[in-house]
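In listed order, ligands and their atoms are each counted from 1.
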Amino acid sequence: MEQQEVFTMPRIGDMAPDFKAMTTQGMIQFSEYIKGSWTILFSHPADFTPVCTTEMSGFAILEDKFKALDTKLIGLSIDSIHSHIAWVHNVKEKMGILMKFPIIADIDMKVAKLYGMLQPGESETAAVRAVFFIDPAGKIRLIMYYPLNVGRNMDEIIRSLQALQAADKYKVALPLNWKPGEMAIVPPPKTVDEMEERIKSDYEMVDFYLAKKKI
Ligand code: BEZ
């Protein structure tokens, strides 16, 4: 039977694996790049392909919004630096959109393998559409994987980032379809005393375990 190569799959709660790689902004040591701010690391299957072009220009259009959310962007595909540069130039020329964020040229698939972006059942040669949300302490907080033929949703990427940041800032959890400005869930009580206190509180409550407050 053919032996399948086993790839690592980073998980939520793991520290983001470190690497050194060539990007469209020069050589980057990832642990240095991500230090002290939120980071979104995302892969695309290939340069000069239609869905990827819509997605990467989507990230570029929102780069200032990510910056305002204290978040750096960094892309990746298993293409050469020459291909990346030509694609960045082409998108600027044809669409007037400049991808200023670094794009990793992962020609030896080192980073794609490290981050579980290479999923052979989907493609042996191209990274799937992965999105890693990494917090300022370097911890992976949320992971999205999309197949080759379905583009991501920028609204959901921004919403997820804002939800992670709100959860940290206010020590709350965020309910289904939460958006900034909406109420957040107060973590459930852990003792009977806390439960009784909760019942007397002025939180908006379905019952003691499902209480919401304004943040
Ligand atoms: C695309 O971005 O359009 C694409 C890339 C790889 C496979 C299929 C579609």
(Q) Do the side chains of E55 and R129 get close enough for a salt bridge, i.e. N-O under 4.0 angstrom? (A) yes

Q) Within a strict 4.5 Å, meaning less than it, do heavy atoms of the I34 and K72 side chains meet? A) no

Q) Do we see a donor-acceptor contact under 3.5 Å between the side chains of S201 and E197? A) no

Q. What pair of heavy atoms forms the shortest contact from P188 to R198, and how long is it?
A. CA-NH1, 4.2 Å

(Q) Side chains of H82 and D79 only: does a donor on one sit below 3.5 Å from an acceptor on the other? (A) no

Please tabulate, one line per pair, the protein N or O atoms found under 3.5 Å from any N or O atom of ligand 1, giving the distance to one decimal.
{"residue": "ligand 1", "atom": "2 (O)", "partner": "T49", "partner atom": "OG1", "Å": "3.0"}
{"residue": "ligand 1", "atom": "2 (O)", "partner": "V51", "partner atom": "N", "Å": "3.1"}
{"residue": "ligand 1", "atom": "2 (O)", "partner": "C52", "partner atom": "N", "Å": "2.8"}
{"residue": "ligand 1", "atom": "2 (O)", "partner": "R129", "partner atom": "NH2", "Å": "3.1"}
{"residue": "ligand 1", "atom": "3 (O)", "partner": "P50", "partner atom": "N", "Å": "3.3"}
{"residue": "ligand 1", "atom": "3 (O)", "partner": "V51", "partner atom": "N", "Å": "2.8"}

Q. Quick one: are I157 and F66 in side-chain contact, heavy atoms under 4.5 Å?
A. yes

